[in-house]
Amino acid sequence: MAEAEGTSAAPAAGTPAPPGMHAAVPDLEDLRGAAHDRAVLSEARVVLARRLGVPPGEALQHLIWLARDLDIELAEAAGLVVGVRDEETGVGPMGAVVAGRRAPRAEAAGTRQAVVSKAEDVLRRVRAEDTAGDAEIIAKLPADPAARAVLDGALDGAAHLVPVRDQDGDVVDFLYAELNDVARDLFGRGAEELTGLRLVQTDPGTVLSGLFDAYVEVMETGTPLDRGSMTHSTAQGGLSRTSRMSVRCVAVPTGVCVTWRYHRDEDRQARRLERVERLALLGFGEWDLATGEADWTPQMLANYGLLPDEVPPMPHDLPKVVADDDLPLVEEAVQTLFSRREPVEAEHRVIGQDGTARHLWVFAEPVLDASGLPVSINIVSQDITRRRGVERALAETRRQMLEQRAQTAQERRVAVTLRRAILPDEHELEELPGLRVALRSLAAESTARIGGDWFATRAMLDGRALFAIGDAAGHGLPAAAAMARTRNGLLGLASTGAPSGQLVGWLNELVGHIQPPATGTAVVAHFEPRRRVLEWTCAGHPPPILVRDGRAAPMEVAPDPMLGAMPGWEYATVRTKLRSGDLVFLYTDGLVERRDADLDERIERLTKILQECSSGPELVLDEVLARMEHDRAADDTTLFAISVE
C-alpha cells in the first residue's frame with residue numbers, strides 16, 4: 001500500500017489544489033452525460049423514424065411534439081422512446097403508399113442524345129452546302145403581298161420562307177425571308193437572328209420531324225398544312241430542345257408562310273399539376289350527370305385502386321368500392337350532393353386487391369345549371385394512408401411512453417424511499433470522539449435527478465472516528481441501489497479496523513463486482529483524537545477543504561481513480577496533522593457543478609466562501625448553502641463540516 005506521511009501546515013489562502021484525479025472526474029462525468037444525451041437523442045430519432053416510417057428529420061420533429069405533449073424535456077422523451085421495446089404485435093415501420101407514382105424515365109437521357117446526334121448529322125450535311133448566293137436570293141426577292149398579309153395577320157409566330165434549289169431545281173432548304181415581331185424559335189431567336197439564314201441549318205429538327213418535306217409539298221401542290229399538335233425536337237450547339245407545337249403552312253407566290261405556336265406553357269402547367277398530384281397523392285375527377293361519363297386523372301384512379309384503362313364508378317356506384325364500415329358515411333355524402341346540393345368532405349377507406357386498406361380524404365361539390373339542378377360533380381381525393389399510419393404509430397408510441405414514464409416514476413419513488421431508509425437523519429448523527437460534526441443532505445428537487453450521494457459516521461472501538469462521503473454514479477433507482485451497497489459495504493469493512501487506503505481498495509473491488517457493475521467516488525477518513533491525526537483516502541472525489549486560522553485551501557490529495565474504474569488498484573492513505581479549531585469541509589459535486597460555469601472557478605468560489613465564514617460547523621453549512629447558489633434540481637448535494645475540538 002502506498003502511504004504518504006507528513007504534517008500539513010496551515011495552507012496559504014488561495015493556494016490551488018494540485019492536479020489530480022479529483023479535478024478531472026467531475027468534468028469527465030459532465031462530458032459523459034452530455035455525450036450520453038446526444039447518443040440517446042440520435043438513437044431515439046432513428047427508432048422513431050423506423051417506427052413511423054418517416055425520414056429522421058421528420059421523426060425528430062415528432063419527438064419534439066411528443067415531449068411538448070407530455071410536458072417533459074427532450075432528453076427524457078428520447079430516453080422513453082429508446083426504452084420502449086418494439087413488440088411483435090406492435091406498430092411496425094409504415095411507409096408511404098406509392099399510389100400512381102411513376103418512376104423517372106430512364107430512357108430520357110438516351111432519347112435526348114439520339115435527337116442531338118441525328119440533328120448534328122443533318123447539320124453537318126447542310127453546312128457543307130454553298131450558301132454564298134443566299135444573300136442574292138433575298139435581295140432579288142420580289143414583293144409578295146400575300147406573304148405580307150399572313151405575317152401581319154398572324155397572332156402567333158410567323159415566317160416567310162423562300163426555297164433554295166440545287167442545280168437540278170430540287171428544293172434543298174428554305175431561307176427566312178422575313179419574320180413577324182412575335183416569332184421565336186425553340187432557342188429564343190427572333191427576326192434579327194434568323195432573317196437571311198437557312199431553315200434546316202437553324203432548325204434541323206424540321207427534317208427529322210418531316211416538316212421540311214411537308215413545306216415543300218405545300219409549295220408544290222398549294223395544299224395547306226395544318227398540324228394541330230405534334231412533338232417537335234431540334235438541336236443547336238450540342239443542346240436539344242423539345243416542345244409540343246401546332247403548325248400551319250400555306251403557299252404564297254414566292255414560297256410558303258409558316259405560322260406556329262409552342263405549347264410549352266401549357267405543357268409546363270400540365271407537368272406541374274401532374275407532379276402536384278403525384279407528390280401529394282391528390283386526384284381529380286369529374287362526373288358528367290347528363291352523359292353518365294366520368295373523367296378521372298391517373299392519380300384519382302390510383303387512389304381508388306383502379307387501373308388506367310378501368311372505367312371509374314359513377315356517384316351512386318361509389319359505395320361499392322369503399323370499405324363496408326364506411327358505407328353509411330359515403331351514402332350520406334352522396335345523398336347530400338344530390339338532395340341538398342351542397343359540397344361535402346369525408347374520409348373513407350378503399351380495400352385494395354391485396355386486402356390492405358387505403359385511407360382517402362374526399363372533397364366533392366355539385367355544379368349547378370341556371371335552374372339550380374346538378375349537371376356535374378367535381379371530386380378531389382387525397383391518399384392519407386401514410387398520415388394515418390404515422391398517427392397510429394405516434395399514438396402507440398405515446399401510450400408506450402406513458403407506460404414507460406409511469407414505470408420510471410415508480411422507480412424514482414422507490415429510489416427516494418430507499419434513500420430515506422438507508423441514510424440517517426442529519427440530526428441523528430452518531431457523536432464522534434474529538435470532533436463536532438454538522439451535515440446537510442439535500443435530495444434533488446427533481447425526482448428524475450435523485451442520485452447516489454451518501455455519507456457515513458461511526459465511532460470505532462479503538463477510539464478513532466470514522467467518517468466518509470461519496471457519490472454513486474448515475475441517477476434514479478440504479479444509483480440509489482449502488483449507494484446502499486457502497487455505504488453498507490464500507491460500514492461492514494470498517495469493523496476490521498484497516499487503514500482507509502485498504503478499506504477503499506476493498507470497496508473498489510466490491511463496487512466493481514456488484515451486479516450491475518457501478519462506479520462512484522468517495523472520501524474515507526479516520527481521525528485519531530489523542531494525536532489529532534487524520535488518515536484519509538480520496539477515490540476520485542473532490543478533496544476536502546481545510547479551514548485554519550482564517551485561511552482555506554483544498555487539501556493535498558493522491559490522484560487515485562474512482563471506485564469501480566480500476567480493479568486491483570492500491571489506494572494511498574494520506575496522513576494530515578490537524579489542530580484544535582481546524583475545520584474540514586467535505587462535499588459532493590452537486591454543490592459545485594453547474595452547466596453554465598467552470599468547475600475550477602466554482603471550487604475556488606467555495607474555498608473563498610469558507611475562508612470568510614463564521615466559526616462553528618452549523619453556521620458554516622448555512623452560509624455555504626446561502627452563497628453558493630447551487631442548482632437543487634440538477635443533483636443531490638451533501639455537505640459535511642467537521643470541527644476539531
Side-chain angles (χ1 to χ4, degrees), residues 115 118-119 122-123 125-127 129 131 133-135 137-166 168-236 240-267:
V115 170
K118 292 180 181 179
V122 174
L123 281 175
R125 175 170 55 83
V126 299
R127 284 173 178 169
E129 298 176 358
T131 60
D134 291 354
I137 294 176
I138 297 296
K140 293 181 178 180
L141 188 67
D144 191 336
R148 168 51 53 191
V150 173
L151 295 181
D152 291 343
L155 297 177
D156 300 315
H160 176 200
L161 304 178
V162 296
V164 178
R165 302 180 183 273
D166 60 11
D168 298 328
D170 296 329
V171 178
V172 296
D173 211 334
F174 285 95
L175 287 173
Y176 284 103
E178 191 176 3
L179 296 92
N180 65 0
D181 294 337
V182 298
R184 293 290 185 275
D185 70 356
L186 279 176
F187 292 92
R189 296 171 296 187
E192 293 183 0
E193 295 89 354
L194 296 177
T195 301
L197 299 182
R198 293 194 176 192
L199 171 67
V200 177
Q201 285 187 348
T202 59
D203 188 0
T206 56
V207 176
L208 303 179
S209 63
L211 284 177
F212 176 80
D213 294 335
Y215 296 163
V216 173
E217 183 178 355
V218 169
M219 185 183 66
E220 292 177 347
T221 64
T223 303
L225 170 70
D226 186 358
R227 292 191 179 179
S229 178
M230 60 172 288
T231 300
H232 180 66
S233 298
T234 189
Q236 283 289 306
S240 68
R241 293 286 187 273
T242 301
S243 174
R244 279 193 318 112
M245 66 182 299
S246 300
V247 181
R248 292 176 62 87
C249 180
V250 296
V252 294
T254 55
V256 294
C257 279
V258 178
T259 61
W260 68 91
R261 174 186 295 177
Y262 295 118
H263 302 297
R264 288 174 294 189
D265 292 339
E266 296 91 331
D267 290 346

Between atom [atom1] of [X] and atom [atom2] of [Y], what is the distance when rounded to the nearest 0.5 Å?
| X | Y | atom1 | atom2 | answer |
| --- | --- | --- | --- | --- |
| Leu199 | Phe212 | CG | CZ | 7.5 Å |
| Glu192 | Leu179 | CD | CG | 11.0 Å |
| Thr254 | Leu175 | OG1 | CG | 11.5 Å |
| Asp156 | Ser246 | CG | OG | 8.5 Å |
| Arg189 | Arg184 | CZ | CZ | 11.5 Å |

Inset, instruction - Kindly determine whether Val250 and Thr259 satisfy side chain to side chain contact (heavy atoms under 4.5 Å, CB included), including the steps that lead there. - result: CA-CA 9 Å; Val250 296; Thr259 61; over 6 Å; no
Inset, instruction - Determine whether the side chains of Ser243 and Arg264 contain a donor N or O and an acceptor N or O closer than 3.5 Å. - result: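 Checked: Ser243/Arg264 side chains show no N/O donor-acceptor pair below 3.5 Å.
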Legend entry - Under 3.5 Å side-chain donor-acceptor pair for Asp203 and Thr234: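 Note: Asp203 and Thr234 side chains meet the donor-acceptor criterion.
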Shortest non-hydrogen contact from [X] to [Y]?
| X | Y | answer |
| --- | --- | --- |
| Tyr176 | Leu161 | CD2-CD2, 3.6 Å |
| Val216 | Phe174 | CG2-CE1, 3.8 Å |
| Asn180 | Ala191 | O-CB, 4.5 Å |
| Thr202 | Gln236 | O-NE2, 3.2 Å |
| Ala183 | Ala158 | CB-O, 3.8 Å |
| Val218 | Pro224 | CG2-C, 4.3 Å |

Legend entry - Residue pair Leu211, Arg227: steps toward the side chain to side chain contact (heavy atoms under 4.5 Å, CB included) verdict: CA-CA 10 Å; Leu211 284 177; Arg227 292 191 179 179; 3.7 Å; yes
Legend entry - Main-chain N/O of Asp170 paired with Asp168 side-chain donor or acceptor, under 3.5 Å: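 No; judged by distance alone, with no hydrogens or angles, the pair does not exist.
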Legend entry - Main-chain N/O of Val200 paired with Asp173 side-chain donor or acceptor, under 3.5 Å: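 At least one qualifying donor-acceptor pair exists.
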Inset, instruction - I would like to know whether His232 and Leu208 meet side chain to side chain contact (heavy atoms under 4.5 Å, CB included); could you show each step before the answer? - result: CA-CA 9 Å; His232 180 66; Leu208 303 179; over 6 Å; no
Counting only heavy atoms not in [X] (residues, nucleotides, ligands), do more than 12 fall under 6.0 Å from its [atom1]?
| X | atom1 | answer |
| --- | --- | --- |
| Asp181 | CG | no |
| Glu217 | CD | no |
| Arg261 | CZ | no |

Legend entry - Heavy-atom side-chain proximity of Asp134 to Arg198 below 4.5 angstrom: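 Asp134 vs Arg198: side chains touch.
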Legend entry - Beyond-backbone contact of Tyr215 with Val247, side-chain heavy atoms, under 4.5 angstrom: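 Tyr215 reaches Val247 side chain to side chain.
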